[in-house]
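One structure, pasted below without further comment.
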Amino acid sequence: MRGLLLDIDYSEEETQPVTKLFVKGEKETVAAIDRSFSQFFYVEAENPRKVEKLISMLEVAGNGGMIKPKSVKAVKLSRLSKEVEVLRVEARHPNDMHPLRHKIRELAGVKEIYGYDIPPMRGYLIDRQLTPMDGVEVTGEVEDENGIKTITLDSHPKKIEIEKPKLNVMSFDIEVFNPTGSPRPEKDPIMMISLADNRGLKKVLTWRNLPTDLDYVEILPTEKDTLKRFIELVDEMDVDILLGYNTDLFDFPYIKERAKQHRLKLTLGRDGTEVVTRRRKMATATRIRGRVHVDVFSMVNFLANIGNIRLIHYTLEDVYRHMMGKEKPDFEFTKFVEAWEKGGEHWNRLLEYSLSDAVATLEIGEELLPLFVELTHVVGQSLFDVSRMSAGQLVEWLLISEAYKRGELIPPRPVGDEFEERVEETFVGAYVMEPEKGYHENLVVFDFRSLYPSIIVSHNIDPSTVNCKCCKKGEATVVPELGHMICQARRGFVPEVVERVVKLRGDLKAELKKHKKGTHEYEIANARQWALKILANSFYGMLGYPRARWYSKEGAESVTSFGRHYIHETIKMAGDFGLKVCYSDTDSLHAKLNGKSREDAIKFMQEVNKNLPGIMELELEAFYPRGVFITKKRYALIDDEGRLVVKGLEFVRRDWAAIAKHTQEDVLKAILKDGSPEKAANIVLDATKMVLGGKAKLEDLIIYTQLKMPIESYRAIGPHVVAAKRLREVGHEVEPGMMIAYIEAKGAGSISDRAIPVELFKDKEYDADYYVDNQILPAVMRIMEVLGYRDADLKFEKKKQMGLDKFIG
DNA sequence: CTTACACGGGG
DNA sequence: GGGTACGTGTAAG
């Protein structure tokens, strides 16, 4: 059978490890079963022959029996490009890997062990050279099992070229009952589940029978039936990719708990299996066998981390506005209970809002999936994994795969002292210019994104080439300022891979010109070149990341040293051309047009590019009509479409009062949208006047902070802890996870002493000074002070009015 | 001054 | 698979 390798899964059947490939063919999706893969690692030893003998006789007690290696044999590989003979040890079972490695580590003469920290699924893909989301051919015996056709492989699956089938993409979203502020999965039901797919399906499943005229609403008898219907629809629609927004951290864990309460198995798997949630300390991810669960938020977050999307907040609403240029309805989470209980127009709006979340998630997902599918192709790991990886992890898995192909040993991930030592190692990073603080108009931003990959390639920077022993004096390249010697006799592994990525991208950019924008071919080639660009730009970060396998402090600092050299040159050229550079960070250059036209700016860029060596290229990021620069790494810009680009200012969060958040937002808009710092100053004055005059609405003063532990566990008694105690005193049930909503009251004592839960605030007087001095002013002052305002200028006081009017003209 | 705790996305 | 998420903010102590 030939088809698309949608996903891969590893499990155990009667203690035998089994790898399952889910292959989407023209007619159906099958599970191909491979029982032939064994995990392995390599042992480097002083005397390989002797150690080989020791290993072959090895027996370790563990896993309820005696563990023996499946096989051991000597092979010739390379380590940092130098040939080395090592022993390949295969394990009968993945669980044997750990005890075997530890026992072997203790054998006399063993120097290092490689490749033990590659999980079976990933190792399988690398060893078999398969690419998920790409063509595969499987052969073997067919049988039906659990409702899915199964093929027991009789040979290794083969990577092939295929016409890509259209995938069934569905998005979903849940709304949950939240009477205590934050919903408690053990108690609070799921009110509704919305679904949208790429074939026009739009549905809201709910179990509350309130009048509504919305035709996409399907009413079910109970919450359990609603969940069952969701599972049924996923199966019926034969979903390949299931999308959600923050579903890893919220929806799936929540649904799982609700299903547990109802003793319902969440059998979303294509083979009828339950979803598997891997709960890790900080991240959880839910896997659905035979389908790919993609959390759109994690893709968005990835693009935010690499600087491709820059927003103040990454809510679905904000991301949708930014990416699709459309508004979606909003619904206050504090109004959920009322809508659920009382129905009416609120109920209709809640249903609409819920569906709009699923629709927006689908649209954003469809926009981003091509990129992540291409990353999957290049990196060679599953879409499920790739969509959740950081840029550094992507590069690392690409390198692991490339290393394996070349017979290069995979360095272990650094642990313990090695990691600690690396953290201690600091080096001079990129050049960041002190910005010309304040408000500017007519800005152009260039970036040098390909700077670091070009440096790595053209200067051959690799863990093995910095200060190598092989080059004679005069042969190696000398790094500016640092004096490191870079080997020129031997090509490094990292630059070789970077070069391949960069070259592939160059080819694609040429191919792109052959296609018309908007055609399928163009979109695919464009996603692919984008993927390659992201990867190329991530190698440097990896070199300097203490947890990276191919870490090289000397390599990383050599890259930044060359980088500083080039950016300084470019800044100088911009100045000579007549642009006024007001900020620069690493590989970017922000300049005022300074009377020049946009065309002139582009001419300048072309001029620079003419004189740059190799693949190095200065690119136009965008023109920005207005901007305000605050400090290094903190600035805000507005583009031609009126979109705000905010860097380093996103410090107003839910544990801040709404009045502070709104004032900060309004201030930024006044400065950037209206170009009026004066208007911004007046906004702050009005806000402080209102608060000091006792006129603020209580709901704008509420601070939401989550109680993360039982009250007794707190050593530092913060305001939300005191507020929670007060709630408990009047008989409320207080438990970890609850959102505490409180207001600061006027009076004596610390902030904590005066934190009153909203429910108990009643006729109390709020602490106006706190809201002005600790909420509004800190939120806006960073911005306002670079515009020449002091906090006293923005705090409404009667006696100062006269002077201030004069000041702001 | 150091230490403790919370934020993000979701509802 | 496994893990030290991660960088930055306020208030308590």
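Order of the sequence lines sets the chain letters (A, B, ...), proteins ahead of strands, with each chain counted from 1. Computed from a prediction, not measured in an experiment: that's the story for all the values here.
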Listed nucleotide nearest any side-chain atom of A:P719, set B:dG10, C:dG1, C:dA11: C:dA11
Among B:dC7, C:dA11, B:dG10, the one nearest A:L316 by side-chain distance: B:dG10
Sugar-phosphate, base or nothing in reach of A:S752, heavy atoms under 4.0 Å: sugar-phosphate
Phosphate OP1/OP2 of C:dG9: any A:R634 side-chain N/O under 4.0 Å: yes
Sugar-phosphate only, base, or nothing, as touched by A:I118 at under 4.0 Å among non-hydrogen atoms: nothing
Sugar-phosphate, base or nothing in reach of A:N774, heavy atoms under 4.0 Å: sugar-phosphate
Contact under 4.0 Å: A:H720 side-chain N or O vs B:dA6 OP1/OP2: yes
Distance under 6.0 Å and angle within 45° of ring axis: A:R122 vs A:W397: yes
Contact under 4.0 Å: A:R782 side-chain N or O vs C:dT8 OP1/OP2: no
Nearest-Å distance for atom pair CG/P, residues A:N301 and C:dC6: 13 Å
Touch class at under 4.0 angstrom, heavy-atom based, for A:Y245 against every strand present: sugar-phosphate
Closest to the A:V176 side chain, choosing from B:dG11, B:dC7, C:dT10: B:dG11
Nearest-Å distance for atom pair OH/P, residues A:Y545 and C:dA5: 9 Å
Geometric cation-pi criterion, A:R547 with A:Y551: 6.0 Å, 45°: no
Under 4.0 angstrom between A:Y314 side-chain N/O and B:dC7 OP1 or OP2: no
Side chain of A:M709 - closest among C:dG9, B:dC5, C:dG1: B:dC5
Touch class at under 4.0 angstrom, heavy-atom based, for A:F333 against every strand present: base
Length of the OH-C1' vector between A:Y254 and B:dG11, whole Å: 8 Å
Sugar-phosphate only, base, or nothing, as touched by A:S298 at under 4.0 Å among non-hydrogen atoms: nothing
Listed nucleotide nearest any side-chain atom of A:F336, set C:dT4, B:dA4, B:dG11: B:dG11
CD1 on A:I118 to CD on A:Q39, rounded to 0.5 Å: 9.0 Å
Sugar-phosphate only, base, or nothing, as touched by A:D188 at under 4.0 Å among non-hydrogen atoms: nothing
A:K633 side chain near C:dG7 phosphate (N/O to OP1/OP2, under 4.0 Å): no
Nearest to side-chain heavy atoms of A:Y714, which nucleotide of B:dG10, B:dA6, B:dA4: B:dA6
Protein-nucleotide distance (A:M389, atom CE; C:dA5, atom P), rounded to Å: 18 Å
Audit row: A:Y114, A:E112, side-chain contact (heavy atoms from CB on, under 4.5 Å) steps and yes/no: CA-CA 7 Å; A:Y114 298 94; A:E112 187 68 88; 3.4 Å; yes
Sugar-phosphate, base or nothing in reach of A:D357, heavy atoms under 4.0 Å: sugar-phosphate
N/O (side chain, A:T705) to phosphate O (OP1/OP2, B:dA6) under 4.0 Å: no
Closest to side chain of A:W397, choosing from B:dA6, C:dG1, B:dG10: C:dG1
Closest to the A:Y353 side chain, choosing from B:dG11, C:dA12, C:dG1: B:dG11
Touch class at under 4.0 angstrom, heavy-atom based, for A:F252 against every strand present: nothing
